[in-house]
Amino acid sequence: MQPLVVRSLTRDYRLVAEGEASLGPLAALECRPHLPDRDLPLVNVPVACESGFLAMTLPDGQRVKGDAHHIIESWNQFLNRDTGRSHPGTAFVPAGSVIGDGGRILLVTGSPGDRSTLMLDLLARGHRVEGDDHALVDWSSVTMRPRRLHAPADLASRMSHGAYLLEGAPRFSGWHRQVSFAVDPSLPGQPWTITTGPVARLVFVEPNFGGRSVMGRMSPDAALARLLALALMPESQVPIALAKLRGLAVSTPAHALSLGDLDGAYRHLSRLLSGDGNGRRGPVQ
Amino acid sequence: MAPLDDDQIFTADEGLELTQVPDGYVIYQVRRDRVHFLNPSAVAVFELCSEGVAAPEIIRYLQDAYQLPAPPTEMVRECIAMLVTEELIRPCSPSLSAA
(Lines give C-alpha, C1' and ligand atoms only; values in the text may rest on other atoms or scores of the structure.)
Protein backbone atom coordinates (compact mmCIF):
# COMPACT_ATOMS: atom_id res chain seq x y z
CA MET A 1 0.00 0.00 0.00
CA GLN A 2 1.29 3.43 -0.91
CA PRO A 3 2.39 5.59 2.03
CA LEU A 4 0.34 8.67 2.89
CA VAL A 5 2.28 11.89 2.47
CA VAL A 6 1.55 14.47 5.15
CA ARG A 7 3.65 17.54 4.42
CA SER A 8 4.27 20.17 7.06
CA LEU A 9 6.32 23.34 6.74
CA THR A 10 9.37 21.55 8.17
CA ARG A 11 8.98 17.81 7.45
CA ASP A 12 7.76 15.43 4.81
CA TYR A 13 5.99 12.83 6.92
CA ARG A 14 5.12 9.51 5.32
CA LEU A 15 2.65 7.25 7.09
CA VAL A 16 3.62 3.70 6.21
CA ALA A 17 1.32 0.71 6.78
CA GLU A 18 2.77 -2.24 8.68
CA GLY A 19 1.32 -5.73 8.56
CA GLU A 20 -2.43 -5.74 8.19
CA ALA A 21 -2.89 -2.05 8.88
CA SER A 22 -4.86 -0.10 6.29
CA LEU A 23 -4.19 3.57 5.67
CA GLY A 24 -7.52 4.07 3.90
CA PRO A 25 -9.32 5.41 7.00
CA LEU A 26 -6.50 7.98 7.43
CA ALA A 27 -6.57 9.20 3.83
CA ALA A 28 -8.04 12.55 4.92
CA LEU A 29 -4.65 13.36 6.45
CA GLU A 30 -2.88 13.26 3.12
CA CYS A 31 -1.54 16.68 2.31
CA ARG A 32 1.04 17.26 -0.38
CA PRO A 33 1.15 20.89 -1.46
CA HIS A 34 4.10 22.18 -3.48
CA LEU A 35 6.34 24.15 -1.12
CA PRO A 36 8.93 25.95 -3.28
CA ASP A 37 12.38 26.56 -1.84
CA ARG A 38 11.87 24.22 1.09
CA ASP A 39 14.06 21.16 1.47
CA LEU A 40 11.98 18.96 3.72
CA PRO A 41 13.57 15.98 5.49
CA LEU A 42 11.68 12.73 5.01
CA VAL A 43 10.30 11.11 8.17
CA ASN A 44 8.65 7.68 8.00
CA VAL A 45 5.93 7.00 10.56
CA PRO A 46 4.84 3.34 10.75
CA VAL A 47 1.15 2.64 11.31
CA ALA A 48 0.28 -0.77 12.77
CA CYS A 49 -2.89 -2.70 13.47
CA GLU A 50 -3.20 -3.79 17.10
CA SER A 51 -6.27 -5.63 18.38
CA GLY A 52 -8.33 -4.17 15.59
CA PHE A 53 -7.21 -0.62 16.27
CA LEU A 54 -4.73 1.58 14.43
CA ALA A 55 -1.59 2.38 16.40
CA MET A 56 1.39 4.62 15.81
CA THR A 57 4.18 6.38 17.62
CA LEU A 58 4.00 10.06 16.75
CA PRO A 59 7.30 11.66 15.71
CA ASP A 60 7.59 13.39 19.11
CA GLY A 61 7.41 10.05 20.88
CA GLN A 62 3.77 9.94 21.96
CA ARG A 63 2.12 6.56 21.42
CA VAL A 64 -1.47 6.66 20.16
CA LYS A 65 -3.91 3.83 19.52
CA GLY A 66 -7.55 3.91 18.53
CA ASP A 67 -9.98 4.26 15.67
CA ALA A 68 -9.32 6.46 12.63
CA HIS A 69 -11.02 9.45 14.27
CA HIS A 70 -8.73 9.22 17.29
CA ILE A 71 -5.61 8.80 15.17
CA ILE A 72 -6.52 11.77 12.94
CA GLU A 73 -7.22 13.99 15.95
CA SER A 74 -3.97 12.89 17.61
CA TRP A 75 -2.01 13.59 14.45
CA ASN A 76 -3.51 17.06 14.11
CA GLN A 77 -2.65 17.80 17.74
CA PHE A 78 0.89 16.64 17.08
CA LEU A 79 1.12 18.97 14.09
CA ASN A 80 -0.01 21.86 16.30
CA ARG A 81 2.73 21.07 18.81
CA ASP A 82 5.27 20.53 16.06
CA THR A 83 4.52 23.86 14.37
CA GLY A 84 4.62 25.70 17.69
CA ARG A 85 8.01 24.26 18.55
CA SER A 86 9.54 24.77 15.12
CA HIS A 87 8.45 28.40 14.76
CA PRO A 88 9.44 30.35 17.90
CA GLY A 89 8.59 34.03 17.73
CA THR A 90 5.76 33.41 15.29
CA ALA A 91 2.05 33.85 16.01
CA PHE A 92 -0.56 31.64 14.34
CA VAL A 93 -3.72 33.25 13.10
CA PRO A 94 -6.76 31.11 12.21
CA ALA A 95 -7.24 32.05 8.59
CA GLY A 96 -7.76 31.01 5.02
CA SER A 97 -5.63 32.38 2.21
CA VAL A 98 -6.70 33.06 -1.37
CA ILE A 99 -4.58 34.70 -4.05
CA GLY A 100 -5.90 36.83 -6.89
CA ASP A 101 -4.58 39.53 -9.21
CA GLY A 102 -4.74 41.90 -6.25
CA GLY A 103 -2.47 39.70 -4.17
CA ARG A 104 -3.04 37.51 -1.15
CA ILE A 105 -6.19 37.97 0.90
CA LEU A 106 -6.30 36.54 4.39
CA LEU A 107 -9.77 35.63 5.67
CA VAL A 108 -9.50 35.68 9.45
CA THR A 109 -12.11 34.29 11.81
CA GLY A 110 -12.39 32.12 14.86
CA SER A 111 -15.30 30.29 13.23
CA PRO A 112 -13.81 27.46 11.14
CA GLY A 113 -17.16 26.58 9.60
CA ASP A 114 -17.77 30.05 8.20
CA ARG A 115 -14.23 30.28 6.93
CA SER A 116 -14.33 26.88 5.25
CA THR A 117 -17.62 27.73 3.55
CA LEU A 118 -16.06 30.88 2.09
CA MET A 119 -12.87 29.11 1.06
CA LEU A 120 -14.75 26.26 -0.61
CA ASP A 121 -16.95 28.77 -2.43
CA LEU A 122 -13.86 30.62 -3.69
CA LEU A 123 -12.21 27.34 -4.73
CA ALA A 124 -15.35 26.18 -6.53
CA ARG A 125 -15.37 29.46 -8.45
CA GLY A 126 -11.82 28.77 -9.63
CA HIS A 127 -9.77 30.95 -7.30
CA ARG A 128 -6.34 29.88 -6.06
CA VAL A 129 -6.77 28.80 -2.46
CA GLU A 130 -3.55 28.28 -0.48
CA GLY A 131 -4.90 26.91 2.74
CA ASP A 132 -7.59 27.02 5.39
CA ASP A 133 -6.03 26.47 8.76
CA HIS A 134 -3.52 28.84 10.35
CA ALA A 135 -1.34 31.57 8.91
CA LEU A 136 2.13 31.99 10.40
CA VAL A 137 2.68 35.73 10.69
CA ASP A 138 6.12 37.19 9.95
CA TRP A 139 5.57 40.95 9.88
CA SER A 140 3.56 41.79 6.75
CA SER A 141 4.25 38.36 5.27
CA VAL A 142 2.56 35.04 6.01
CA THR A 143 2.92 31.32 5.36
CA MET A 144 -0.11 29.08 5.43
CA ARG A 145 0.13 25.88 7.38
CA PRO A 146 -0.63 23.00 5.01
CA ARG A 147 -3.97 21.29 5.49
CA ARG A 148 -6.71 20.19 3.17
CA LEU A 149 -9.97 22.11 3.21
CA HIS A 150 -12.69 20.51 5.31
CA ALA A 151 -16.04 20.25 3.58
CA PRO A 152 -19.32 19.11 5.12
CA ALA A 153 -21.12 16.19 3.51
CA ASP A 154 -24.10 18.43 2.69
CA LEU A 155 -21.94 20.90 0.77
CA ALA A 156 -24.12 20.50 -2.33
CA SER A 157 -27.16 21.85 -0.47
CA ARG A 158 -25.19 24.95 0.53
CA MET A 159 -23.49 25.59 -2.81
CA SER A 160 -24.52 23.47 -5.76
CA HIS A 161 -21.58 24.77 -7.80
CA GLY A 162 -19.20 23.25 -5.26
CA ALA A 163 -20.63 19.72 -5.16
CA TYR A 164 -17.94 18.47 -7.51
CA LEU A 165 -15.25 19.25 -4.92
CA LEU A 166 -16.28 16.18 -2.94
CA GLU A 167 -15.73 13.79 -5.83
CA GLY A 168 -12.84 11.53 -4.92
CA ALA A 169 -12.10 13.45 -1.71
CA PRO A 170 -11.39 11.21 1.31
CA ARG A 171 -13.93 11.34 4.10
CA PHE A 172 -13.48 11.50 7.83
CA SER A 173 -15.71 11.81 10.86
CA GLY A 174 -15.76 14.59 13.44
CA TRP A 175 -16.34 14.59 17.18
CA HIS A 176 -20.08 14.05 16.73
CA ARG A 177 -19.51 11.44 14.06
CA GLN A 178 -20.60 13.89 11.38
CA VAL A 179 -19.03 13.05 8.05
CA SER A 180 -16.77 15.58 6.35
CA PHE A 181 -14.52 15.49 3.33
CA ALA A 182 -10.89 16.59 3.01
CA VAL A 183 -10.57 18.60 -0.20
CA ASP A 184 -7.28 19.15 -2.01
CA PRO A 185 -7.39 22.76 -3.30
CA SER A 186 -5.56 22.00 -6.52
CA LEU A 187 -7.07 23.54 -9.64
CA PRO A 188 -6.96 22.01 -13.12
CA GLY A 189 -3.43 22.54 -14.37
CA GLN A 190 -2.51 24.41 -11.20
CA PRO A 191 -1.16 22.25 -8.39
CA TRP A 192 -1.71 23.22 -4.78
CA THR A 193 1.15 25.56 -3.91
CA ILE A 194 1.97 27.35 -0.66
CA THR A 195 4.40 30.26 -0.73
CA THR A 196 5.57 32.78 1.82
CA GLY A 197 4.59 36.27 0.84
CA PRO A 198 2.93 39.56 1.67
CA VAL A 199 -0.72 40.03 2.55
CA ALA A 200 -2.59 42.53 0.38
CA ARG A 201 -5.78 42.58 2.47
CA LEU A 202 -6.96 41.33 5.81
CA VAL A 203 -10.65 40.41 5.95
CA PHE A 204 -12.14 39.67 9.35
CA VAL A 205 -15.23 37.51 8.99
CA GLU A 206 -18.18 37.60 11.38
CA PRO A 207 -21.42 35.64 10.87
CA ASN A 208 -24.60 37.48 9.94
CA PHE A 209 -27.01 34.58 10.03
CA GLY A 210 -29.83 34.90 7.54
CA GLY A 211 -28.83 38.39 6.51
CA ARG A 212 -26.96 39.99 3.68
CA SER A 213 -23.22 40.12 3.42
CA VAL A 214 -21.80 43.56 4.16
CA MET A 215 -18.18 44.67 4.09
CA GLY A 216 -16.55 47.81 5.48
CA ARG A 217 -13.08 49.09 6.31
CA MET A 218 -11.42 48.55 9.66
CA SER A 219 -8.82 50.70 11.36
CA PRO A 220 -5.36 49.25 12.10
CA ASP A 221 -6.14 49.40 15.82
CA ALA A 222 -9.35 47.42 15.37
CA ALA A 223 -7.53 44.91 13.18
CA LEU A 224 -4.79 44.49 15.78
CA ALA A 225 -7.36 43.95 18.52
CA ARG A 226 -8.98 41.19 16.47
CA LEU A 227 -5.66 39.56 15.67
CA LEU A 228 -4.66 39.59 19.32
CA ALA A 229 -7.98 38.02 20.29
CA LEU A 230 -7.69 35.21 17.75
CA ALA A 231 -3.99 34.42 17.44
CA LEU A 232 -2.23 31.50 19.05
CA MET A 233 1.09 32.43 20.58
CA PRO A 234 4.27 30.34 20.26
CA GLU A 235 5.87 28.54 23.18
CA SER A 236 8.81 30.95 23.19
CA GLN A 237 9.73 34.48 22.00
CA VAL A 238 6.20 35.78 22.53
CA PRO A 239 7.19 39.51 22.51
CA ILE A 240 8.50 39.37 18.95
CA ALA A 241 5.45 37.35 17.88
CA LEU A 242 3.25 40.17 19.22
CA ALA A 243 5.37 42.76 17.41
CA LYS A 244 4.97 40.82 14.16
CA LEU A 245 1.19 40.74 14.60
CA ARG A 246 1.21 44.49 15.12
CA GLY A 247 3.41 44.85 12.03
CA LEU A 248 0.81 42.98 9.98
CA ALA A 249 -2.05 45.07 11.36
CA VAL A 250 -0.45 48.47 10.75
CA SER A 251 0.87 47.65 7.28
CA THR A 252 -2.14 45.89 5.75
CA PRO A 253 -5.52 47.37 4.80
CA ALA A 254 -8.22 45.59 6.79
CA HIS A 255 -11.91 44.96 6.20
CA ALA A 256 -14.77 43.55 8.25
CA LEU A 257 -17.02 41.15 6.38
CA SER A 258 -20.38 40.45 7.94
CA LEU A 259 -21.05 37.07 6.34
CA GLY A 260 -24.65 36.58 5.30
CA ASP A 261 -25.55 35.42 1.78
CA LEU A 262 -22.72 33.66 -0.02
CA ASP A 263 -23.21 35.42 -3.36
CA GLY A 264 -23.04 38.80 -1.64
CA ALA A 265 -19.86 37.82 0.17
CA TYR A 266 -18.34 36.72 -3.11
CA ARG A 267 -19.15 40.06 -4.75
CA HIS A 268 -17.23 41.86 -2.02
CA LEU A 269 -14.30 39.45 -2.02
CA SER A 270 -14.02 39.29 -5.81
CA ARG A 271 -13.47 43.05 -5.89
CA LEU A 272 -10.57 42.69 -3.47
CA LEU A 273 -9.22 39.67 -5.34
CA SER A 274 -9.18 41.60 -8.59
CA GLY A 275 -7.27 44.38 -6.86
CA ASP A 276 -10.15 46.80 -7.14
CA GLY A 277 -9.47 49.56 -4.61
CA ASN A 278 -10.95 49.39 -1.17
CA GLY A 279 -13.91 47.12 -1.75
CA ARG A 280 -17.31 48.38 -0.65
CA ARG A 281 -17.07 51.57 1.30
CA GLY A 282 -18.09 51.56 4.88
CA PRO A 283 -17.35 53.22 8.15
CA VAL A 284 -13.89 52.73 9.60
CA GLN A 285 -14.38 50.93 12.89
CA MET B 1 22.55 57.65 34.22
CA ALA B 2 25.44 60.03 34.90
CA PRO B 3 25.51 63.34 32.97
CA LEU B 4 26.45 62.73 29.39
CA ASP B 5 29.89 63.92 28.32
CA ASP B 6 30.07 65.53 24.91
CA ASP B 7 32.74 63.13 23.75
CA GLN B 8 31.01 60.02 25.06
CA ILE B 9 30.29 57.50 22.36
CA PHE B 10 28.28 54.28 22.39
CA THR B 11 28.03 50.88 20.83
CA ALA B 12 24.91 48.85 20.13
CA ASP B 13 24.08 45.81 22.21
CA GLU B 14 24.76 42.51 20.47
CA GLY B 15 21.95 40.37 19.12
CA LEU B 16 19.54 43.13 18.11
CA GLU B 17 17.18 42.51 15.22
CA LEU B 18 15.83 45.64 13.54
CA THR B 19 12.66 45.60 11.47
CA GLN B 20 11.08 48.57 9.77
CA VAL B 21 7.34 48.99 10.25
CA PRO B 22 5.17 51.76 8.78
CA ASP B 23 5.33 53.90 11.92
CA GLY B 24 8.96 53.39 12.88
CA TYR B 25 11.18 50.49 13.81
CA VAL B 26 10.90 47.44 16.00
CA ILE B 27 14.04 46.29 17.75
CA TYR B 28 13.98 42.75 19.10
CA GLN B 29 16.49 42.23 21.86
CA VAL B 30 17.17 38.52 21.64
CA ARG B 31 19.22 38.36 24.85
CA ARG B 32 16.40 39.76 26.99
CA ASP B 33 13.52 38.51 24.81
CA ARG B 34 12.17 42.07 24.71
CA VAL B 35 10.70 44.17 21.94
CA HIS B 36 11.14 47.94 21.62
CA PHE B 37 9.16 50.25 19.35
CA LEU B 38 11.12 53.31 18.19
CA ASN B 39 9.73 56.27 16.26
CA PRO B 40 11.80 57.54 13.29
CA SER B 41 13.72 60.17 15.25
CA ALA B 42 14.56 57.70 18.03
CA VAL B 43 15.80 55.29 15.37
CA ALA B 44 18.06 58.03 14.00
CA VAL B 45 19.52 58.56 17.46
CA PHE B 46 19.97 54.81 17.93
CA GLU B 47 21.67 54.29 14.56
CA LEU B 48 24.01 57.27 14.98
CA CYS B 49 24.94 56.09 18.47
CA SER B 50 25.59 52.63 17.03
CA GLU B 51 27.98 54.15 14.52
CA GLY B 52 29.98 55.83 17.27
CA VAL B 53 28.67 59.35 16.76
CA ALA B 54 28.75 61.53 19.88
CA ALA B 55 25.76 63.49 21.21
CA PRO B 56 26.67 66.98 19.88
CA GLU B 57 26.91 65.64 16.33
CA ILE B 58 23.63 63.76 16.70
CA ILE B 59 21.94 66.96 17.87
CA ARG B 60 23.28 68.87 14.87
CA TYR B 61 22.21 66.09 12.52
CA LEU B 62 18.63 66.02 13.80
CA GLN B 63 18.34 69.80 13.76
CA ASP B 64 19.39 69.81 10.10
CA ALA B 65 17.31 66.78 9.14
CA TYR B 66 14.09 68.09 10.67
CA GLN B 67 14.95 71.77 10.04
CA LEU B 68 14.36 72.61 13.68
CA PRO B 69 14.63 76.23 14.85
CA ALA B 70 16.63 75.18 17.94
CA PRO B 71 18.93 72.26 18.66
CA PRO B 72 17.00 69.29 20.16
CA THR B 73 19.53 68.95 22.94
CA GLU B 74 17.28 67.71 25.74
CA MET B 75 15.36 65.34 23.48
CA VAL B 76 18.51 63.69 22.21
CA ARG B 77 20.05 63.37 25.67
CA GLU B 78 16.84 61.89 27.09
CA CYS B 79 16.63 59.49 24.17
CA ILE B 80 20.22 58.36 24.65
CA ALA B 81 19.59 57.88 28.36
CA MET B 82 16.55 55.74 27.57
CA LEU B 83 18.46 53.66 25.04
CA VAL B 84 21.14 53.05 27.66
CA THR B 85 18.57 52.20 30.34
CA GLU B 86 16.97 49.68 28.01
CA GLU B 87 20.44 48.25 27.24
CA LEU B 88 20.09 48.85 23.51
CA ILE B 89 23.36 50.81 23.55
CA ARG B 90 26.15 51.04 26.05
CA PRO B 91 28.96 53.56 26.56
CA CYS B 92 32.34 52.66 25.17
CA SER B 93 35.70 54.32 24.82
CA PRO B 94 36.67 55.95 21.50
CA SER B 95 39.55 53.50 21.03
CA LEU B 96 37.18 50.54 21.45
CA SER B 97 34.81 51.98 18.86
CA ALA B 98 37.65 52.55 16.40
CA ALA B 99 38.73 48.93 16.81
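Letters A, B, ... are given to chains in the order of the sequence lines, protein chains preceding strands, and every chain is numbered from 1. Only this structure's heavy atoms are used, side chains among them; waters, hydrogens and symmetry mates stay out.
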Exercise. Scan for side-chain hydrogen bond (donor to acceptor under 3.5 Å, both in side chains) pairs involving residues 106-115 of chain A, sequence neighbours excluded, and state none if there are none.
Key: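 Passing the test, one end in residues 106-115 of chain A: S111(A)-D114(A), R115(A)-D132(A).
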| request: Report the residues that fulfil side chain to side chain donor-acceptor pair (under 3.5 Å) with Q237(A), sequence neighbours left out, ordered by chain and then residue number. | output: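 With neighbours one apart ignored, the set is empty.
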Within residues 16-23 of chain B, the residues sitting under 4.5 Å from chain A by heavy atom, in sequence order, are T19(B), V21(B), P22(B), D23(B)
### Message
Can you confirm whether Y61(B) is buried at OH, in the sense that more than 12 heavy atoms of other residues, nucleotides or ligands lie under 6.0 Å from that atom?
### Response
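12 or below, so no.
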* Listed partners of F46(B) passing ring-ring contact (aromatic ring centres under 6.0 Å, His included), at least two apart ->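 None.
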